[in-house]
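Quick notes on the structure that follows.
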Amino acid sequence: MALKINKLFDEEKKVWILKPYGEIDIYTAPKFKEILLNVIETRDSNIIIDGKDLEYIDSTGLGVLISGLKRLKETDKNITIINLRPNISKLFEITGLNKVFIVKEV
Amino acid sequence: MALKINKLFDEEKKVWILKPYGEIDIYTAPKFKEILLNVIETRDSNIIIDGKDLEYIDSTGLGVLISGLKRLKETDKNITIINLRPNISKLFEITGLNKVFIVKEV
Amino acid sequence: MEEIKEKVNENEEVNMDHIKLSMPNKPEYVSIIRLTASAIASRIGFNIDDIEDIKVAIGEACTNAIRHGCNKINDTYDIDFFAYEDKLEIKIKDTGKGLCSLNIKEPKAEDLKEGGLGLFIIKTLMDDVKFTTLQNKGTIILMTKMLGVE
Amino acid sequence: MEEIKEKVNENEEVNMDHIKLSMPNKPEYVSIIRLTASAIASRIGFNIDDIEDIKVAIGEACTNAIRHGCNKINDTYDIDFFAYEDKLEIKIKDTGKGLCSLNIKEPKAEDLKEGGLGLFIIKTLMDDVKFTTLQNKGTIILMTKMLGVE
Ligand SMILES: Nc1ncnc2c1ncn2[C@@H]1O[C@H](COP(=O)(O)OP(=O)(O)O)[C@@H](O)[C@H]1O
Ligand SMILES: Nc1ncnc2c1ncn2[C@@H]1O[C@H](COP(=O)(O)OP(=O)(O)O)[C@@H](O)[C@H]1O
């Protein structure tokens with residue numbers, strides 16, 4: 001019912017790794033947006049989102065991801081999403097967002 | 001949200017061991033009662049109830065235990081309850097039923 | 001009835017969220033109410049022990065509403081949650097025959113009675129419990145759990 | 001409005017349980033509604049995948065009710081569950097400005113718009129979705145998930 005987000009910058013691969021724990025919905029999306037945009041501002045690089053412990057995301061959360069991607073695209077960077085649970089993977093498929101983000105099985 | 005009950009007769013110790021999984025409440029208590037009384041009818045001996053996977057019990061469920069105990073008392077048998085979770089242990093204490101049944105920590 | 005109404009109006013001036021639920025008087029739905037109550041209590045910030053207490057208390061009250069408090073076969077009863085910053089009030093209202101007696105006694109262990117534990121359990125687990133009963137017009141039970149009180 | 005009312009009356013003749021919920025228009029309570037919906041769906045017998053679909057759909061509908069469908073600050077909106085043996089109908093009713101357009105388009109991936117996914121997701125995950133909208137008087141969305149249908 002809540003959301004925690006772990007963030008770290010992988011110095012070797014020069015990439016942000018964000019790992020959300022819990023649910024991203026209308027209540028928690030603003031916090032997620034703040035962290036995502038803050039991360040991009042701090043260091044403009046590719047972002048990996050590890051979905052292993054993301055239990056739920058709704059259109060509000062997808063909207064935040066899209067706004068992050070838009071920002072990154074300005075400097076030709078990207079968002080890769082890994083480890084998505086089947087129920088969430090399904091959402092990316094039906095919305096076509098699996099073709100907008102780099103969605104990887106593992 | 002449902003209830004399953006495992007029953008076995010320990011031939012060595014001559015005792016029934018019942019292990020409920022889930023919740024005993026107004027909805028599932030009738031099933032629990034049926035199994036408990038059936039067990040007593042099949043073989044009139046002491047009963048051990050293993051509460052390890054009992055997640056919830058309400059006054060309806062406690063009532064079933066009492067009616068089982070009443071039946072057993074007629075032939076000087078008893079009900080021992082083991083492995084109760086703290087939240088359920090508390091219910092036995094406040095109702096004084098920890099002095100009516102043999103309630104053991106392990 | 002009056003007393004509870006006044007209480008609710010007074011409440012509306014402070015910071016309070018009101019969640020209303022109407023349920024069929026069927027045993028199979030009580031676990032859903034317990035789950036919803038847990039989620040609300042957890043949102044307010046109650047700890048696990050208190051959430052368990054609230055779960056048991058609301059379960060007992062709903063069980064009574066179904067058993068004693070519903071007249072017709074396809075009847076419903078109402079559950080109101082009043083979520084404050086520092087407490088949760090829960091009101092369960094049925095349309096049954098009303099409580100016969102408000103004399104809730106501590107159960108006597110030696111007696112070995114199958115019933116009569118529900119109201120006692122509610123009183124023990126909650127910080128405040130009020131009954132309003134109208135002969136043949138139903139029962140209202142209003143119970144309160146305070147946040148951070150032992 | 002008429003259409004949905006008729007439907008409900010018709011329903012009451014078959015075996016159906018009606019659960020009513022009224023919620024404050026606050027984001028922090030949407031997860032509680034999702035949880036309650038999951039529990040109801042599970043009680044009817046839906047499998048895990050279908051329960052997930054129902055959870056997402058009701059989440060989106062409640063999000064819209066809060067975002068677009070509530071006029072006042074301390075407004076509430078209503079969720080009705082109609083539990084049948086072979087389906088779950090969910091009605092979400094707000095008092096907002098009403099839907100401007102019922103023209104729900106498949107999102108275009110290239111467009112990269114932050115919004116506009118909610119109604120499309122609902123339509124995709126549920127077996128049937130009906131909107132009733134009254135200019136400045138709110139929106140009703142009635143969505144149905146059938147049991148055991150792919
Ligand atoms: N909602 C209610 N409507 C009418 N009578 C009630 C209600 N709740 C409780 N009672 C009365 O109070 C008595 C004690 O209730 P309780 O302590 O829960 O035990 P039990 O339900 O097992 O008898 C019940 O037997 C019933 O007569
Ligand atoms: N309950 C509602 N009341 C009024 N308008 C609504 C409601 N639900 C949806 N809408 C309208 O439909 C549009 C599309 O909704 P949706 O697909 O959920 O995307 P989003 O909410 O992100 O815009 C909204 O922008 C809004 O104008």
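Every chain is numbered from 1 and lettered A, B, ... according to where its sequence line falls, protein lines coming before strand lines.
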Could you tell me which portion of [X] (side chain, backbone, both or neither) has an atom closer than 4.5 angstrom to a non-hydrogen atom of chain B?
X      : answer
C:T124 : side chain
C:I66  : side chain
C:K55  : both
C:E52  : side chain

Nearest 0.5 angstrom please: [X] [atom1] to [Y] [atom2], how far?
X      : Y     : atom1 : atom2 : value
C:I122 : B:S59 : CD1   : OG    : 8.0 Å
B:I26  : C:S31 : CD1   : OG    : 11.0 Å
B:Y27  : C:I32 : OH    : CD1   : 10.0 Å
C:L125 : B:L91 : CG    : CG    : 6.5 Å
C:T63  : B:D25 : OG1   : CG    : 6.5 Å

Just do the side chain to side chain contact (heavy atoms under 4.5 Å, CB included) check on C:L117 and B:L97 with the steps written out, would you? CA-CA 11 Å; C:L117 292 174; B:L97 289 174; 4.2 Å; yes
Neighbour count above 12 (heavy atom, 6.0 Å) for [X] [atom1]:
X      : atom1 : answer
B:E105 : CD    : no
B:L37  : CG    : yes
B:K19  : NZ    : yes

Sub-4.5 Å heavy-atom contacts with chain C: which residues of residues 61-77 of chain B show up? B:L62, B:G63, B:I66, B:S67, B:L69, B:K70
Taking heavy atoms only and a threshold strictly under 4.5 Å, list by residue number the residues of residues 38-53 of chain B that touch chain C; give 'none' if the list is empty. none
Taking only residues two or more places apart in sequence, or in another chain, which ones meet B:Y21 in a ring-ring contact (aromatic ring centres under 6.0 Å, His included)? none
Taking side chain to side chain donor-acceptor pair (under 3.5 Å) as the test, write out the residues that go with B:Y56, two or more places apart. none
May I ask you to say whether C:D49 pairs ionically with B:K90, meaning some side-chain N is under 4.0 Å from a carboxylate O? no
